[in-house]
Amino acid sequence: MSRIETDIMHGWEFTLKEPEDHHFQPVQLPHDWAIHAPVNPNMKQGAAQGFRDRWGIGWYRRNLALEEIKVGTVYQLQFDGVYENSTVWVNGKEAGGRKYGYSRFTLDITEYIHEGDNQILVKVDNTSFPADRWYSGAGIYRTVKLLELNRNHLQPEEIQVKTAIHGDMGIVTISTGVSSSVKACLTDEYVRITGVSAQDGTIRVEIPSVKLWSPEQPRLYHVELSLYEGSQIVDTYGLRIGVRDIQMKAGKGMYINGRRTKIKGFCIHQDAGCLGIAVRPEIWKDRLMAFKAMGCNAIRTAHHMPASELLDLCDELGLLVYEEPFDKWTGGSYRRYFETEWQADLECMVKRDRNHPCIFMWGVGNEVEHQGQASMLEILKMLKDHLLTLDDTRPVTYAMNPHFKYESNADLSQVKDIQQFVDEVSDTEIYDGDERVERIRRIAEIVDVISCNYQEQWYPAIHEAVPDKLILGTETYQFFRGHSDQMQNFSDEVPWMDVEKHDYVIGGMLWTGIDYLGESMGYPAKGWAGSLFWTNNERKPLSYLYESYWSEEPMVYLAVMDYSLQDEGVKEHWDTPRYASHWNFPQFNKTVIPYMIATNCEEVTVELGDKRMYVNKPSSYPNRMITGYLPYLPGTITVRGFIRGQEVCQYTVKTAGPAVRLGFDREELKLEAKAGYQKLFTVRAKDSEGTPVFRDSSKVTFHVSGPAEILAVDNGDLSSSESYDAHWMHMYRGCVSTVIRFTGEPGRVVLSAYSEGMHPAELVIHVI
């Protein structure tokens with residue numbers, strides 16, 4: 001028999017009480033029980049976990065009906081991620097589990113099952129302290145599969161694909177991990193090439209006129225591997241690959257297929273606002289496409305392995321990925337696992353993901369303790385050396401913090417709990433430039449690329465000390481940049497300018513691309529708001545500045561300063577000036593208001609009503625961000641962008657009247673019928689002429705008819721305590737969103753939005 005892989009995402013039940021029959025309630029996977037937990041301002045580690053009281057032990061169960069147990073067949077359960085510390089029983093017998101909540105694990109359940117009904121019971125223990133520094137969620141939150149395999153089968157984690165380019169010829173070398181006969185069939189829409197394994201299990205395939213994978217053109221080939229016993233196929237396994245060449249050239253930069261490429265990246269966590277960490281791939285696809293549309297070409301999966309489907313999407317969309325297995329080592333939440341689990345978790349990441357063309361670099365940690373000291377360097381070398389035994393085709397690095405050291409006058413002989421002391425002692429910034437660079441130099445001796453968090457102001461000094469290594473900004477601020485004498489400063493020197501300025505800097509990755517739950521700076525904020533997108537995928541004004549840096553498509557955008565808007569609780573140096581794209585200031589009468597214009601055009605004009613305001617070219621501003629002032633006169637502002645004297649784009653902001661109706665971003669669309677498929681839709685308040693009413697905060701109630709259900713609501717406001725698990729929510733900055741889940745049946749779905757005093761909105765979805 002060939003392999004059968006079946007997703008088992010439906011038919012589960014869940015309880016937070018003891019696993020007795022009457023306690024369980026039906027749930028669908030992916031599932032995050034913490035996102036619906038009550039908000040508790042006083043909860044243990046509340047700021048880190050978004051004040052959602054997620055502590056406890058959860059139980060999942062499911063009946064697995066098997067008509068027969070096939071002779072010579074191996075049955076496995078595969079969990080792509082369970083947060084956290086899971087134990088799995090099958091028919092009352094313990095089959096295994098996993099401690100670390102981000103690692104995939106596969107259990108052989110052949111000896112535990114029988115024909116007929118089989119009970120799967122999963123315990124998820126979220127009582128260990130501390131949890132992650134960000135919202136970790138809780139539950140079976142990624143894909144679960146039942147695998148039915150021949151006793152002699154391929155093991156995907158042992159398969160390794162390497163590619164090379166010779167002229168217009170692509171060379172694909174596949175290590176199959178088995179000594180049996182294996183055939184490979186490589187195809188795209190134009191070619192079909194076969195190869196047969198040698199005695200060592202290696203297959204070599206040559207692709208004439210190869211189509212290369214790159215962020216601009218993410219071309220993929222499908223490879224199907226067939227395992228033979230004699231003339232019979234006993235297993236098949238398929239994967240997508242990309243042929244590309246990535247080179248790091250000292251002093252010159254990163255080259256993909258011979259073309260110099262700058263990393264225009266976002267760091268991301270894995271939650272999706274109202275959905276918590278239970279995020280299906282189609283939700284992430286919409287997010288990634290929004291990132292890509294503004295010129296982003298890379299993401300950092302900070303600070304752990306992502307869902308495997310996320311990497312499939314990055315392969316498909318052309319997004320480079322910096323992946324790392326864990327955050328800290330002997331500190332933070334991973335300290336309870338590091339000594340016994342680091343090797344298994346590191347191997348899980350590399351073996352699971354090394355065949356993805358999107359991955360351009362491996363990280364082995366982030367902002368760890370004792371940075372640059374002998375004990376840290378020893379661990380760093382250990383991790384890198386082991387990773388290279390698994391994959392030697394990519395650079396290996398580590399994301400450095402801005403160089404802090406432990407300082408204390410305490411008598412260590414009197415300290416009873418050293419680990420607690422280390423966690424509680426104050427961190428002190430290193431101000432001595434020579435000491436800072438020396439620590440970086442020690443780390444640079446081990447890593448392949450120097451990865452810096454928030455250190456743009458020291459790039460020249462780092463490069464002078466280590467000229468043979470390139471630099472990547474693994475975390476950067478959005479707007480403010482540090483000073484050479486200290487980590488943080490509040491001059492408007494945008495960190496991206498350092499990437500453009502230096503060839504030896506291969507890019508920067510903003511912290512973060514999209515708001516996330518947890519890592520709050522204090523109640524009532526439930527998460528991190530210092531990003532370019534709100535949690536409901538709405539763009540923030542500064543995202544357009546980065547679009548002007550990153551995108552070649554002509555664009556122009558205007559926003560005005562508005563400090564009447566609420567404080568979102570952003571940590572100060574990750575914050576930005578309070579810009580907003582609207583022209584409604586009823587409290588003012590001709591008051592002069594600051595504005596910003598982001599554009600990648602050569603020239604810009606500004607019109608307030610029928611009066612032109614003259615502005616300088618973007619190139620005359622240090623950050624190419626045009627700034628100025630406009631008197632508040634209700635009406636229309638029109639900004640036009642010009643290239644070589646020709647108008648190529650424009651942007652309009654108009655004073656809105658009272659909100660009289662709601663409106664979705666579209667009125668009708670078609671979707672393919674898929675069980676469990678989810679989609680986020682946004683409704684906006686509009687005046688009688690259809691102008692969005694930015695300041696409206698009315699309560700909106702959603703209703704859906706047809707083969708779908710409302711799953712959650714989100715307005716992007718992390719300071720709100722309104723429930724995500726509802727059919728209503730107040731608008732934030734004039735809009736609110738809902739996620740609906742489709743049953744998989746074809747039909748006509750009508751999503752409606754209602755608000756008192758406004759005409760309702762209706763969206764028709766044809767599910768076919």
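Please read these numbers as outputs of a predicted model, since none were measured by experiment.
Side-chain atoms of Ser226 never come within 3.5 Å of backbone atoms of Ala184 as a donor-acceptor pair (strictly under, hydrogens ignored). A donor-acceptor pair under 3.5 Å links the side-chain atoms of Thr397 to the main chain of Val449, judged by distance alone. Counting only distance, with no hydrogens or angles, the side chain of Arg394 and the backbone of Arg354 share a donor-acceptor pair below 3.5 Å. A distance-only check finds no donor-acceptor pair linking the side chain of Tyr516 to the backbone of Thr535 [under 3.5 Å]. No side-chain donor-acceptor contact under 3.5 Å links Glu547 to the backbone of Glu553. In this structure, Asn297 contributes its side chain and Lys262 its backbone to a donor-acceptor pair below 3.5 Å. With hydrogens and angles ignored, the 3.5 Å screen pairs no side-chain donor or acceptor of Lys351 with any backbone N or O of Leu390. Within the 3.5 Å criterion, the main-chain N or O of Ile446 finds no donor-acceptor partner in the side chain of Lys381. Listed for the Ser543 side chain is a donor-acceptor partner under 3.5 Å among the backbone atoms of Lys540. Using a distance-only test at 3.5 Å, with no hydrogens or angles considered, a donor-acceptor pair links the side chain of Gln457 to the main chain of Met487.
Contact annotation: the side chain of Val243 never approaches that of Ile171 to less than 4.5 Å [non-hydrogen atoms, C-beta and beyond]. No side-chain heavy atom of Asp312 sits under 4.5 Å from any side-chain heavy atom of Pro281. Taking 4.5 Å as the limit, every side-chain heavy atom of Thr512 sits out of range of all side-chain heavy atoms of Ile268. Within the 4.5 Å cutoff, side-chain heavy atoms of Glu323 are placed close to those of Pro306. The closest side-chain heavy-atom distance from Leu319 to Pro215 is not below 4.5 Å. Residues Met625 and Val494 fail the side-chain proximity criterion, which asks for heavy atoms closer than 4.5 Å. Side-chain atoms of Asn616 and Ile626, non-hydrogen and from C-beta on, never get closer than 4.5 Å to each other. By the 4.5 Å heavy-atom criterion applied to side chains, Leu532 and Leu542 are counted as neighbours.
Looking at every heavy atom in both residues, Asp235 comes nearest to Leu154 through OD2-N, 2.7 Å. Contact detail for Val466 and Ala444: the closest heavy-atom pair is CG1-CB, 3.8 Å. Considering all non-hydrogen atoms of both residues, Gln343 and His386 come closest at CG-NE2, 3.4 Å. Of all heavy-atom pairs between Met169 and Pro208, the closest is SD-N, 3.7 Å. Heavy atoms only, all atoms of each residue included: Gly508 and Leu472 are closest at N-CD1, 4.3 Å. Minimum interatomic distance between Ile283 and Leu680 (heavy atoms only, all atoms of both residues): CD1-N, 4.3 Å.
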Query - Gln371/Arg442 under side-chain hydrogen bond (donor to acceptor under 3.5 Å, both in side chains): CA gap, chis, key distance, verdict - result: CA-CA 10 Å; Gln371 186 167 268; Arg442 295 175 200 165; over 6 Å; no
Query raised in the report: Where do Lys679 and Asp286 land on the salt bridge (charged side-chain N to carboxylate O under 4.0 Å, His left out) test, with the steps shown first?
Result: CA-CA 9 Å; Lys679 188 79 171 175; Asp286 285 347; 3.1 Å; yes
Query raised in the report: Are Arg300 and Glu475 close enough, and set up right, to give a salt bridge (charged side-chain N to carboxylate O under 4.0 Å, His left out), and what steps lead you there?
Result: CA-CA 9 Å; Arg300 178 185 176 206; Glu475 291 179 27; 3.0 Å; yes
Requested in this report: Give the C-alpha distance, both sets of side-chain angles, the deciding distance and a yes or no for side chain to side chain contact (heavy atoms under 4.5 Å, CB included) between Cys267 and Met509.
Outcome: CA-CA 6 Å; Cys267 297; Met509 312 188 92; 4.1 Å; yes
Query - Criterion salt bridge (charged side-chain N to carboxylate O under 4.0 Å, His left out) on Asp503 and Arg260, from CA distance to verdict - result: CA-CA 10 Å; Asp503 289 342; Arg260 193 171 74 169; 2.7 Å; yes
Requested in this report: Assess whether ring-ring contact (aromatic ring centres under 6.0 Å, His included) is satisfied between Trp496 and Phe479, documenting all intermediate values.
Outcome: CA-CA 9 Å; Trp496 179 254; Phe479 192 76; over 10 Å; no
**Report entry** Asp515/Ser531 under side-chain hydrogen bond (donor to acceptor under 3.5 Å, both in side chains): CA gap, chis, key distance, verdict
**Finding:** CA-CA 5 Å; Asp515 288 350; Ser531 312; 2.9 Å; yes
Query raised in the report: Between Glu500 and Arg624, is a salt bridge (charged side-chain N to carboxylate O under 4.0 Å, His left out) present by the stated rule, with each step listed?
Result: CA-CA 12 Å; Glu500 290 189 358; Arg624 299 198 301 278; 2.8 Å; yes
Report task. Decide yes or no on side-chain hydrogen bond (donor to acceptor under 3.5 Å, both in side chains) for Ser103 and Asp345, but give the supporting numbers first. Result -> CA-CA 6 Å; Ser103 289; Asp345 290 327; 2.7 Å; yes
Requested in this report: Please lay out, stage by stage, how Trp574 and Tyr454 fare under the test side-chain hydrogen bond (donor to acceptor under 3.5 Å, both in side chains).
Outcome: CA-CA 10 Å; Trp574 285 258; Tyr454 315 109; 2.9 Å; yes
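Look at Glu647 and Arg640 and you find a salt bridge, because one of the NZ, NE, NH1 or NH2 atoms lies within 4.0 Å of a carboxylate O, short of that distance. Remark: Arg204 engages Glu206 in a salt bridge, criterion side-chain N to carboxylate O under 4.0 Å. Using a 4.0 Å cut-off between charged nitrogen and carboxylate oxygen, Arg352 and Asp80 count as a salt-bridge pair. Look at Glu282 and Lys285 and you find no salt bridge, because none of the NZ, NE, NH1 or NH2 atoms lies under 4.0 Å from a carboxylate O. Between Lys469 and Asp448, no side-chain nitrogen of the basic residue sits less than 4.0 Å from a carboxylate oxygen of the acidic one, so the salt-bridge criterion is not met. A salt bridge links Arg133 to Asp327: one of the charged nitrogens lies within less than 4.0 Å of a carboxylate oxygen.
If you check the side chains of Tyr544 and Thr599, you find no donor sitting under 3.5 Å from an acceptor. Counting only N and O atoms by type, the side chains of Ser214 and Asn257 include no donor and acceptor under 3.5 Å apart.
A distance of 9.5 Å separates OG in Ser197 from CG in Leu225, rounded to the nearest 0.5 Å. Atom OG1 of Thr474 is separated from atom CD1 of Ile471 by 11.0 Å, given to the nearest 0.5 angstrom.
If you look at Tyr546 and Tyr549, their ring centroids are closer than 6.0 Å. Aromatic pair Trp342/Tyr100: centroids not less than 6.0 angstrom apart. Aromatic ring centres of Phe266 and Trp550: separated by under 6.0 Å. Taking the six-membered ring for Trp and the full ring otherwise, the centers of Tyr459 and Tyr504 sit at least 6.0 Å from each other.
The ring-ring contact (aromatic ring centres under 6.0 Å, His included) test with His269 is passed by exactly one of Tyr102, Trp511, Trp284: Trp511.
No more than 12 heavy atoms of other residues, nucleotides or ligands sit less than 6.0 Å from atom CD of Glu378.
A cation-pi geometry, defined here as NZ or CZ lying under 6.0 Å from the six-membered ring centre and within 45° of its normal, does not hold between Arg539 and Trp534. A cation-pi geometry, defined here as NZ or CZ lying under 6.0 Å from the six-membered ring centre and within 45° of its normal, holds between Lys183 and Tyr228. In this structure, Lys249 satisfies the cation-pi test against Tyr255, with its NZ or CZ atom closer than 6.0 Å to the six-membered ring centre and inside 45 degrees of the ring normal.
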